[in-house]
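One structure below.
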Amino acid sequence: MFGLADCNNFYASCERVFRPELNGRPVVVLSNNDGCIIARSNEAKELGIPMGAPVFKIRDIIEKNNVVVFSSNYALYGDMSHRVMMCLQNFAPEVEVYSIDEAFLHFEGMQLIDLHEYAAKITHTVKRNTGIPLSIGIAHTKTLAKVANHLAKKSKVKSGAFIIADEQQRIEALKNFEIDKIWGVGRQYAKFLKNAGINTALDFTKCNRNWVKKNLTVMGLRMWEELNGMPCHEIEPVPENKKTICTSRSFGNMLENYQTVEEAVSTYAARCGAKLRKQKSTAGVMLVFLHTNRFREDLPQYCKNIVIELPVPTNSTIELVKYAKAGLKAIFKNGFKYKKAGIIVSELAPQTAVQTNLFYEVDHQKHNNLMLVLDKLNNTYGRDTVRLGAQGYSKRWTLRQEQLSPCYTTSFENIMTVKC
DNA sequence: TCTGGGGTCCTAGGACCC
DNA sequence: TCTGGGGTCCTAGGACCC
């Protein structure tokens, strides 16, 4: 059996762990730059606040109902996520961390006498140890476990668990399960399937196999098989290395000045370097992009990217920043108000297998040694403690985060305060 | 005034090979 | 009027996930 453990309203719940007086009150968490709603407590959902809504469009709901608003605090959520995942490791031989707030558990080889009891024990323990409420769905395939998890959340049973163990339960669960809630059915497929008269998960499982493959590709076919109880997706306890890495941000304010954009882009390149080194990869190709604010139809628009082939694959921040700056120089045009820029690195390869270039003069060993020290310092004392001059000091481009909570669990000062 | 930031996989079609 | 039969690799675009 597979279990899917999914934290309830994760970001909002993280904030509440350290502000227990907010229990029972509507809480929302915003995206970067305090732009959109990306997490809601149950009370906020009941007020009809939609997921993804730009916050300025629902300002009146927020004020009228005294909704508590937080900027996103990924240092906090990342650390809380880690605690939840560590706790889940104790309950199954194989655990796959699927996202910041979700994990698949594979109960392979376990003699589970009473699944309900065991699932309830998991949710209870995670809540007790971390403060985070959890729902868990258990079934014979990952896709069915996803369905079960949805039903666990919907039914609001105290244990937070829902189990699809036999054929009758499977049919019962799928009978009223809306097609667009299935894992793997997005907006386009939902529209297509509804047009074809397929409205529930059960309808879908009764479709002709070839028809499914023809119209929804092999992805759809796997979905169909999994919903019919035949596992296609295995558990992946060890995460694969990334094949592309992207660092991009919208700026807190629109930027016109070249120097300022260059500082931002250099910082994104440095961040890509750190991510590459973390998974022991080098990048062979870099893409730099830049664009104006597409929502401001009253302003002139500009959107451009450039692809740079690196002469020798690298993960050195010094080199990556150099190429990022060159790329930016090639695409930057004066006279526009820029809103967002980013770096995407690809053609990733293991850093142990770099094909060098006879005519390239960079001393890679020297760079590697330097990066090792740089990472060590920044991991210990905080991001960008040591950085390239190109990344700047002005911070005129940084995020807007007006409702940021303290990093309760990761900031040195906070931890000391709590202990005292 | 204010609109997020990451990723993956699959397919069709074109260019090229023999 | 008639125009072979295999392949591979690459890319853009479209779908999906959190």
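First the proteins, then the strands, lettered A, B, ... as listed; each starts at 1. Treat the numbers as computed from the prediction; the structure is a model and nothing was measured. Only heavy atoms go into these numbers, but all of them, side chains included; no hydrogens, no water, no symmetry mates.
For the salt bridge (charged side-chain N to carboxylate O under 4.0 Å, His left out) criterion with A:Asp180, the lone passing option out of A:Lys194, A:Arg187, A:Lys191 is A:Lys194.
For A:Lys45, the side chain to side chain donor-acceptor pair (under 3.5 Å) partners are A:Asn9, not counting sequence neighbours. The side chain to side chain donor-acceptor pair (under 3.5 Å) search around A:Glu319 returns A:Thr314, A:Tyr360, A:His364, not counting sequence neighbours. Remark: A:Glu347 pairs with no residue by the side chain to side chain donor-acceptor pair (under 3.5 Å) rule, at least two apart or across chains. With sequence neighbours excluded, the residues that form a side chain to side chain donor-acceptor pair (under 3.5 Å) with A:Lys153 are A:Asp6. Considering only residues two or more places apart in sequence or on other chains, A:Glu102 meets the salt bridge (charged side-chain N to carboxylate O under 4.0 Å, His left out) condition with A:Lys146.
Between A:Phe192 atom CZ and C:dG14 atom C1' the separation is 15 Å, expressed in whole Å.
In this structure, the ring of A:Tyr11 has its center no less than 6.0 angstrom from the ring center of A:Phe70. No close placement of the A:Trp224 and A:Tyr189 rings is indicated, their centers lying 6.0 Å or farther apart. Between A:Phe2 and A:Phe104, the distance from one ring center to the other does not fall under 6.0 angstrom.
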What does the list of N/O pairs under 3.5 Å between the protein and nucleotides 15-18 of chain C look like, with a distance for each?
| unit_1 | atom_1 | unit_2 | atom_2 | d |
| --- | --- | --- | --- | --- |
| C:dC16 | OP1 | A:Gly186 | N | 2.8 |
| C:dC16 | OP1 | A:Gly186 | O | 3.2 |
| C:dC16 | OP1 | A:Gln188 | N | 3.4 |
| C:dC16 | OP1 | A:Tyr189 | N | 2.8 |
| C:dC16 | OP2 | A:Gln188 | N | 3.3 |
| C:dC16 | O5' | A:Gly186 | N | 3.4 |
| C:dC17 | OP1 | A:Gly184 | N | 3.0 |
| C:dC17 | OP1 | A:Val185 | N | 3.4 |
| C:dC17 | OP1 | A:Val185 | O | 3.3 |
| C:dC18 | OP1 | A:Lys146 | NZ | 2.8 |
| C:dC18 | O3' | A:Asp101 | OD1 | 3.4 |
| C:dC18 | O3' | A:Glu102 | OE2 | 2.9 |

At a cut-off of 3.5 Å, list every protein nitrogen or oxygen paired with a nitrogen or oxygen from nucleotides 8-11 of chain B, distance to 0.1 Å.
| unit_1 | atom_1 | unit_2 | atom_2 | d |
| --- | --- | --- | --- | --- |
| B:dT8 | OP1 | A:Lys243 | N | 3.0 |
| B:dT8 | OP2 | A:Thr244 | OG1 | 3.2 |
| B:dC9 | OP1 | A:Lys243 | NZ | 3.4 |
| B:dC9 | OP2 | A:Lys243 | NZ | 2.7 |
| B:dC10 | OP1 | A:Arg222 | NH1 | 3.1 |
| B:dC10 | OP1 | A:Arg222 | NH2 | 3.1 |

With the criterion being N/O to N/O and under 3.5 Å, what pairs connect the protein with nucleotides 1-4 of chain B, and how long is each?
| unit_1 | atom_1 | unit_2 | atom_2 | d |
| --- | --- | --- | --- | --- |
| B:dC2 | OP2 | A:Arg296 | NH1 | 3.1 |
| B:dT3 | OP1 | A:Lys339 | NZ | 2.6 |
| B:dG4 | O4' | A:Ser31 | OG | 3.1 |

Please table the atom pairs, donor to acceptor, closer than 3.5 Å between any side-chain atom in residues 74-96 of chain A and protein atoms at least two apart or in another chain.
| unit_1 | atom_1 | unit_2 | atom_2 | d |
| --- | --- | --- | --- | --- |
| A:Tyr77 | OH | A:Glu15 | OE2 | 2.7 |
| A:Tyr77 | OH | A:Asn73 | N | 3.3 |
| A:Asp79 | OD2 | A:Arg83 | NE | 3.3 |
| A:Asp79 | OD2 | A:Arg83 | NH2 | 3.3 |
| A:Asp79 | OD2 | A:Thr409 | OG1 | 2.6 |
| A:Ser81 | OG | A:Ile100 | O | 2.7 |
| A:Asn90 | ND2 | A:Cys87 | O | 3.4 |
| A:Glu94 | OE1 | A:His106 | ND1 | 3.1 |
| A:Glu96 | OE1 | A:Lys142 | NZ | 2.7 |
| A:Glu96 | OE1 | A:Glu236 | N | 2.8 |

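The stretch residues 282-290 of chain A does not touch DNA chain B, since none of its heavy atoms comes less than 4.0 Å from the strand. Within residues 258-271 of chain A, no residue has any heavy atom closer than 4.0 Å to DNA chain B.
Using P as the reference atom, C:dC18 and B:dT3 are 25 Å apart when rounded to the nearest Å.
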Task: Pair assignment for DNA chain B - dot-bracket with | for other-strand partners, Watson-Crick or G-U under 3.5 Å - done: ....||||||||||||||

